[in-house]
There are 2 protein chains.
Amino acid sequence: MDKSSLFHQFVTFTATVHQVTHELTQNVTVANITPLQYKILEYIKVSQPVTPTEISECQHMSLPNTSRELRKLQEQHLIEKYNDTEDRRKQYIRLSNEGDKMMEEAFACVEERFLQLIQHATQEDLKDIQHALSILEQKVFHQQD
Amino acid sequence: MDKSSLFHQFVTFTATVHQVTHELTQNVTVANITPLQYKILEYIKVSQPVTPTEISECQHMSLPNTSRELRKLQEQHLIEKYNDTEDRRKQYIRLSNEGDKMMEEAFACVEERFLQLIQHATQEDLKDIQHALSILEQKVFHQQD
DNA sequence: CCTATTACTTATCATTTGATAACTAAATAA
DNA sequence: TTATTTAGTTATCAAATGATAAGTAATAGG
């Protein structure tokens with residue numbers, strides 16, 4: 001097995017993933033949300049509750065910039081902050097009802113497009129896809145933090 | 001097979017892919033290149049020669065903005081433009097020697113990090129990974145242009 | 001108790017990226 | 001030939017994002 005050719009396949013693959021996810025998430029949001037804010041909300045949605053520091057690390061942005069974006073999201077009533085009872089420096093962020101509703105709608109829209117992408121897949125194909133995703137999660141993309 | 005749970009797996013997966021590729025490509029470039037310019041060069045590297053219109057479509061950016069970035073890249077002697085002999089409106093873009101060298105170095109750096117990511121993979125794992133990439137390319141991410 | 005560290009905020013500035021209007025030149029269609 | 005379309009450029013403006021300095025408040029370590 002040539003690791004170098006695997007690398008090239010990997011590069012092509014990730015480029016394609018970027019392109020396709022861009023197409024899937026294009027113009028999904030109703031509210032006045034920037035792409036970065038969408039990513040943050042997406043992360044909160046699947047990982048809540050999260051701290052600003054966690055968002056900062058996962059999204060590769062500085063804490064000041066994270067703080068700014070979270071403030072904007074809070075001003076739009078899409079997220080809520082609450083303090084840790086033990087360590088009062090810490091905050092936890094979660095989606096507000098409004099924010100959750102918005103993300104549910106956004107996900108529904110993306111899901112619809114996703115389903116079109118796999119519309120011709122047989123039951124067998126779906127199993128293959130799920131298995132492939134698991135393999136890559138485990139053996140390549142597994143986050144080592 | 002529940003397509004909805006597959007969708008959720010897909011969302012998590014793509015988020016992870018974005019995160020990991022960001023880590024892999026962070027600070028790779030020696031030259032004074034923006035992230036967008038890196039993506040453009042990456043695309044040119046694997047698909048050259050390409051036209052500005054193709055870059056524009058693939059990277060989801062307007063032609064004026066594409067033109068601007070290409071001008072900057074040309075000013076840095078990283079790419080070369082040449083005209084189609086048949087249709088003189090058309091241009092083709094390719095990497096200059098300098099640009100190609102730079103991208104080779106960038107890829108080498110990314111590859112090194114990628115190899116660390118899969119350092120514990122057995123020969124069997126590598127085959128699985130390659131197979132998983134192929135499956136997803138074919139059955140999910142296949143571009144329908 | 002005092003110092004250092006952690007978690008986060010506010011403010012400010014530079015850079016990058018996106019959007020749009022107006023243009024040139026070449027090719028195609030009528 | 002004339003009008004339309006295509007491919008790309010230039011210029012300009014707005015918005016999004018990144019970087020950094022300086023601050024507060026709470027906790028942890030000595």
Side-chain angles (χ1 to χ4, degrees), chain A residues 18-19 22-23 25-29 31-44 49-76 78-94 145, chain B residues 18-19 22-23 25-29 31-44 47-76 78-94 145:
Chain A
H18 277 83
Q19 250 184 266
H22 188 280
E23 282 159 21
T25 56
Q26 209 167 24
N27 311 320
V28 288
T29 47
N32 218 16
I33 294 294
T34 70
L36 181 58
Q37 287 168 359
Y38 179 80
K39 276 191 180 177
I40 292 172
L41 289 175
E42 189 184 71
Y43 176 65
I44 298 172
V50 292
T51 66
T53 301
E54 284 168 344
I55 296 174
S56 163
E57 283 168 3
C58 269
Q59 304 297 314
H60 302 97
M61 51 195 294
S62 68
L63 203 49
N65 290 336
T66 305
S67 182
R68 174 185 60 198
E69 297 307 320
L70 290 176
R71 181 175 47 70
K72 289 180 191 168
L73 291 172
Q74 194 179 25
E75 281 167 6
Q76 293 192 66
L78 296 172
I79 62 167
E80 287 163 1
K81 300 179 181 178
Y82 60 98
N83 279 83
D84 191 314
T85 45
E86 307 214 319
D87 185 340
R88 290 192 344 232
R89 291 170 305 181
K90 272 194 192 171
Q91 281 185 352
Y92 290 107
I93 313 284
R94 68 182 163 211
D145 3 21
Chain B
H18 277 83
Q19 248 184 267
H22 188 280
E23 283 159 21
T25 56
Q26 211 168 22
N27 312 320
V28 286
T29 46
N32 217 16
I33 293 294
T34 70
L36 180 59
Q37 287 168 358
Y38 179 81
K39 275 192 180 176
I40 293 171
L41 288 176
E42 188 183 71
Y43 176 64
I44 298 171
S47 311
Q48 62 188 339
V50 293
T51 66
T53 301
E54 285 169 343
I55 295 173
S56 163
E57 284 168 2
C58 270
Q59 304 295 316
H60 302 99
M61 52 195 296
S62 68
L63 202 50
N65 290 335
T66 305
S67 181
R68 174 186 58 198
E69 298 307 320
L70 290 176
R71 181 176 45 72
K72 289 180 191 168
L73 290 171
Q74 194 179 27
E75 282 168 5
Q76 294 192 65
L78 296 171
I79 62 168
E80 286 164 2
K81 301 176 178 179
Y82 60 98
N83 279 82
D84 191 313
T85 45
E86 306 213 321
D87 186 340
R88 290 193 343 231
R89 291 170 304 182
K90 274 194 190 170
Q91 283 186 351
Y92 291 106
I93 313 284
R94 67 180 163 213
D145 4 18

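Reckoned from all heavy atoms, side chains included, excluding hydrogens, waters and symmetry mates. Chain letters run A, B, ... following the sequence lines, proteins first, then strands; residues in each count from 1.
- Atom CD in B:Glu69 sits roughly 8 Å away from atom C1' in C:dT16 (whole-Å rounding).
- Atoms CG (B:Leu70) and P (D:dT9) sit 7 Å apart, rounded to a whole Å.
- In this model, the phosphate group of C:dA25 is not approached by any side-chain N or O of B:Arg89 to a distance below 4.0 Å at OP1 or OP2.
- A:Lys39 and A:Glu42 are not joined by a salt bridge, as no carboxylate oxygen comes within less than 4.0 angstrom of a charged side-chain nitrogen.
- Between B:Gln26 atom CD and D:dG18 atom P there is a gap of 11 Å when expressed in whole angstrom units.
- Rounded to a whole Å, the CD atom of B:Glu75 is 13 Å from the C1' atom of D:dT10.
- Residue contacts shown for B:Asp87 are limited to sugar-phosphate atoms, with no base heavy atom under 4.0 Å away.
- As judged by a 4.0 angstrom heavy-atom cut-off over every strand, B:Lys81 is placed among residues touching the sugar-phosphate backbone only.
- Checking B:Ser67 against A:Lys72, the closest nucleotide of DNA chain D that is more toward the 5' end is the one next to B:Ser67.
- The backbone N or O of B:Lys90 lies less than 3.5 Å from a partner atom in the side chain of B:Asn83, making a donor-acceptor pair.
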Between B:Val50 and B:Tyr92, does a side chain to side chain contact (heavy atoms under 4.5 Å, CB included) hold up when you go through it step by step?
CA-CA 5 Å; B:Val50 293; B:Tyr92 291 106; over 6 Å; no
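- A:Asp84 places its CG atom 13 Å from the C1' atom of C:dT6, with the value rounded to the nearest Å.
- By the 4.5 Å heavy-atom criterion applied to side chains, B:Glu69 and B:Met61 are counted as neighbours.
- Residue A:Thr66 is out of contact with every strand shown, counting any heavy-atom pair closer than 4.0 Å.
- Minimum interatomic distance between B:Lys81 and B:Ile93 (heavy atoms only, all atoms of both residues): CG-CD1, 3.6 Å.
- Residue-level contact check: A:Leu36 touches the backbone only, with heavy atoms under 4.0 Å from sugar-phosphate atoms and none from bases.
- Of all nucleotides listed (C:dA27, D:dT9, C:dA7), C:dA27 comes nearest to the side chain of B:Arg88.
- Comparing D:dT17, C:dT17, C:dA26 against the side chain of B:Arg68 picks out C:dT17 as the nearest.
- Among the atoms of the strands shown, base atoms are found under 4.0 Å from some heavy atom of B:Pro64.
- If you take CZ of B:Arg71 and P of D:dA7, they are 22 Å apart, rounded to a whole angstrom.
- Heavy atoms of B:Gln37 sit nowhere under 4.0 angstrom from any nucleic acid atom.
- At the heavy-atom level, A:Thr34 lies under 4.0 Å from the strands shown only through sugar-phosphate atoms.
- Nearest-nucleotide positions on DNA chain D place B:Pro52 closer to the 5' end than the other of B:Pro52 and B:Asn65.
- Put simply, CD1 on A:Ile40 is 8 Å from P on D:dT17, counting in whole angstrom units.
- Note on ring orientation: taking the six-membered ring where Trp is involved, the planes of B:His18 and A:His18 are tilted (angle from 30° to 60°).
- Between the CG atom of B:Leu63 and the P atom of C:dA22 there is a distance of 18 Å, given to the nearest Å.
- Side chain of A:Met61, nearest nucleotide from D:dG18, D:dA16, C:dC8: D:dG18.
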